[in-house]
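Worksheet for the structure shown next.
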Amino acid sequence: MTRFIFITGGVVSSLGKGLASAALGALLQSRGYRVRLRKLDPYLNVDPGTMSPTQHGEVFVTDDGAETDLDLGHYERFTGVAARRGDNVTTGRIYSDVIARERRGDYLGKTVQVIPHVTDAIKAFATADVEDEDFVLCEIGGTVGDIESLPFLEAIRQLRNELGSARAMIIHLTLLPYIPSAGELKTKPTQHSVKELLSVGIQPDVLMCRSDRPIPEAERAKIALFCNVRAEAVIPALDVDTIYQVPVSYHAQGLDVQVCRYFNLPHDEEPDLSRWLNIVERVRNPEGEVTIAVVGKYTSLIDSYKSLAEALVHGGIANNVKVRLTWIDSQIFEREDTVHHLEGVHGILVPGGFGERGSEGMINAARFARERDVPYLGICFGMQMAVIEFARHKAGLEKAGSSEFGSQEAPLVGLMTEWTKGNERVERTACGDLGGTMRLGAYPCQLIPGSRVREIYGTEMISERHRHRYEVNIDYKERLEAAGLLFSGLSPDGVLPEIVEIPGHSWFVGVQFHPELRSKPFDPHPLFTSFVQAAVAKSRLV
Ligand code: GLN
């Protein structure tokens with residue numbers, strides 16, 4: 001029997017509902033249950049793919065090619081369960097499906113309304129494709145009280161009735177602000193937020209209260225009284241020093257026991273939290289430190305690079321070091337005389353990006369890494385810029401550029417107009433839609449024997465997640481290889497360059513895919529492990 005846990009949030013946004021859901025998923029797993037996590041996003045975009053990373057944060061790409069909310073990244077990193085297209089839905093997607101059905105005549109002449117048609121579509125999404133999972137955790141994006149959230153709350157109210165309390169539970173995450181002048185944690189915002197939920201017919205079963213300090217018993221009892229939950233079901237969600245401590249800390253506060261109790265499941269035995277204790281121990285007690293500069297375009301919002309930052313932490317865990325990240329806006333390197341800022345870093349990472357702004361700065365950063373033998377990892381755009389740099393300064397192609405920035409004399413990076421997906425041919429034109437039309441999701445890549453990446457992965461055929469519209473032009477392969485760049489990974493048909501590296505450099509790798517999306521704290525991605533290891537070696541030299 002699959003049970004559903006709906007997670008809502010109140011008081012303010014950014015309380016870490018995604019992380020809370022992911023950590024609860026991990027806790028239930030540690031008790032031997034199978035879990036799946038889902039996110040229902042109330043905004044009107046069909047998916048976050050067309051949103052600016054500085055607006056929305058990272059777009060997380062699934063194996064099956066969906067562009068999804070970054071919380072799905074947390075879910076994967078905490079549970080290891082690969083997210084699928086059906087695990088993230090938005091109001092935009094729900095409405096476009098409902099309207100398409102209306103146009104087809106599927107509603108047989110009825111007036112199409114939010115209730116029941118939109119709410120039915122939301123319920124169908126939340127409960128679809130459930131296999132043998134013991135729990136499906138559904139996070140509702142946004143904050144209770146938002147206009148956009150209403151159809152989602154109504155849908156979970158209905159689902160709770162239909163499934164019954166034996167199969168559905170509501171967890172509400174709130175904030176207890178500390179007021180220094182009163183010297184107190186305040187419960188009123190939580191009371192108001194629960195009242196807001198009650199006004200749409202939802203009584204939460206468990207409250208998780210974010211707080212920057214321990215919550216006194218009296219306050220806990222007060223919240224329980226006013227919000228109509230048992231005192232043990234008011235779970236303090238205290239700030240912690242590393243996100244990987246969250247499952248351990250929720251367990252200490254009794255969250256998993258409350259969930260098991262609610263569903264009448266056994267809870268006397270302690271769950272096996274050794275995986276998390278081990279990770280936290282390594283994060284807290286590193287044997288050294290390395291500094292890695294991330295030279296990107298969206299550094300004003302660190303969430304733009306959420307998975308990347310975590311993958312670097314994982315690389316640190318694998319090498320027993322702390323990875324200190326220096327976020328640098330690539331635009332500052334557009335003037336070559338500023339590149340000395342990179343002096344002394346132990347590794348340089350240029351991540352994904354779109355558009356011309358800041359690209360010359362990335363090219364200069366890649367040049368610094370190549371010439372100064374600093375370990376370099378270029379991801380997607382970061383690979384493309386490294387290839388342009390190499391072409392300009394090592395292969396005599398001074399006019400090398402990307403057609404993403406306009407027509408080029410030497411289009412080292414060009415628009416992909418067709419490629420193979422499985423047995424199918426995919427075609428694109430320069431003037432097509434931008435939403436959902438990139439080369440998205442997992443594609444295989446063949447590694448060249450004797451290359452560094454072949455050694456790092458320890459296998460010949462790999463599969464990694466992609467999100468790009470442009471691609472290094474295979475026509476330049478011979479010329480670039482003659483100048484010393486190795487095309488060490490290619491699509492199996494040999495047409496799309498997937499990885500480049502510079503033999504003889506201490507560590508210089510560019511990948512067209514996003515390895516950060518697959519890294520887990522308990523299973524660090526080999527490229528990040530190897531990159532951080534190279535940074536450690538560099539730190540011993542400088
Ligand atoms: N803008 C580049 C492209 O579309 C790179 C994309 C990325 O870095 N994810 O190919």
Let me have the donor-acceptor pairs involving side chains of residues 276-284, under 3.5 Å, with sequence neighbours excluded, atom names and distances please.
{"unit_1": "E281", "atom_1": "OE1", "unit_2": "N285", "atom_2": "ND2", "d": "3.4"}
{"unit_1": "E281", "atom_1": "OE2", "unit_2": "N285", "atom_2": "ND2", "d": "3.2"}
{"unit_1": "R282", "atom_1": "NH1", "unit_2": "I317", "atom_2": "O", "d": "2.6"}
{"unit_1": "R284", "atom_1": "NE", "unit_2": "D241", "atom_2": "OD1", "d": "3.4"}
{"unit_1": "R284", "atom_1": "NE", "unit_2": "D241", "atom_2": "OD2", "d": "2.8"}
{"unit_1": "R284", "atom_1": "NH2", "unit_2": "D241", "atom_2": "OD1", "d": "2.9"}
{"unit_1": "R284", "atom_1": "NH2", "unit_2": "Q245", "atom_2": "OE1", "d": "3.3"}

Please set out all donor-acceptor pairs under 3.5 angstrom arising from side-chain atoms of residues 528-536, sequence neighbours excluded.
{"unit_1": "T529", "atom_1": "OG1", "unit_2": "H525", "atom_2": "O", "d": "3.1"}
{"unit_1": "S530", "atom_1": "OG", "unit_2": "W507", "atom_2": "NE1", "d": "2.8"}

Could you give the side-chain donor-acceptor pairs of residues 198-209 under 3.5 Å, partners two or more places apart or in another chain?
{"unit_1": "S199", "atom_1": "OG", "unit_2": "E196", "atom_2": "O", "d": "2.6"}
{"unit_1": "Q203", "atom_1": "OE1", "unit_2": "N228", "atom_2": "ND2", "d": "3.2"}
{"unit_1": "Q203", "atom_1": "NE2", "unit_2": "C227", "atom_2": "O", "d": "3.1"}
{"unit_1": "Q203", "atom_1": "NE2", "unit_2": "N228", "atom_2": "O", "d": "3.2"}
{"unit_1": "D205", "atom_1": "OD1", "unit_2": "R160", "atom_2": "NH2", "d": "3.1"}
{"unit_1": "D205", "atom_1": "OD2", "unit_2": "R160", "atom_2": "NH1", "d": "2.9"}
{"unit_1": "D205", "atom_1": "OD2", "unit_2": "I170", "atom_2": "N", "d": "2.8"}

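Listed by chain and residue number, nothing satisfies the side chain to side chain donor-acceptor pair (under 3.5 Å) test with K306 (two or more places apart in sequence, or in another chain). K39 is linked by a salt bridge (Lys or Arg N to Asp or Glu O under 4.0 Å) to D41, D69, D71, E139, counting only residues two or more places apart in sequence or in another chain. Residues that satisfy the side chain to side chain donor-acceptor pair (under 3.5 Å) test with Y457, not counting sequence neighbours, are E464. Under the rule for a ring-ring contact (aromatic ring centres under 6.0 Å, His included), the partners of F263 that lie at least two apart in sequence or sit in another chain are F135. Applying the side-chain contact (heavy atoms from CB on, under 4.5 Å) rule to V61 yields the partners R467, L517; only residues at least two apart in sequence or on another chain are considered. In this view, E455 satisfies the side chain to side chain donor-acceptor pair (under 3.5 Å) rule with no residue, not counting sequence neighbours. Applying the side chain to side chain donor-acceptor pair (under 3.5 Å) test to T437 and every residue at least two apart in sequence or in another chain returns R469. Scored by the ring-ring contact (aromatic ring centres under 6.0 Å, His included) test, H314 finds Y244 as partners (sequence neighbours excluded).
A salt bridge is absent between E184 and K222: the closest approach of a Lys/Arg side-chain nitrogen to an acidic carboxylate oxygen does not fall below 4.0 angstrom.
The salt bridge (Lys or Arg N to Asp or Glu O under 4.0 Å) contacts involving residues 514-531 comprise D63-R518, where partners must be two or more places apart or lie in separate chains.
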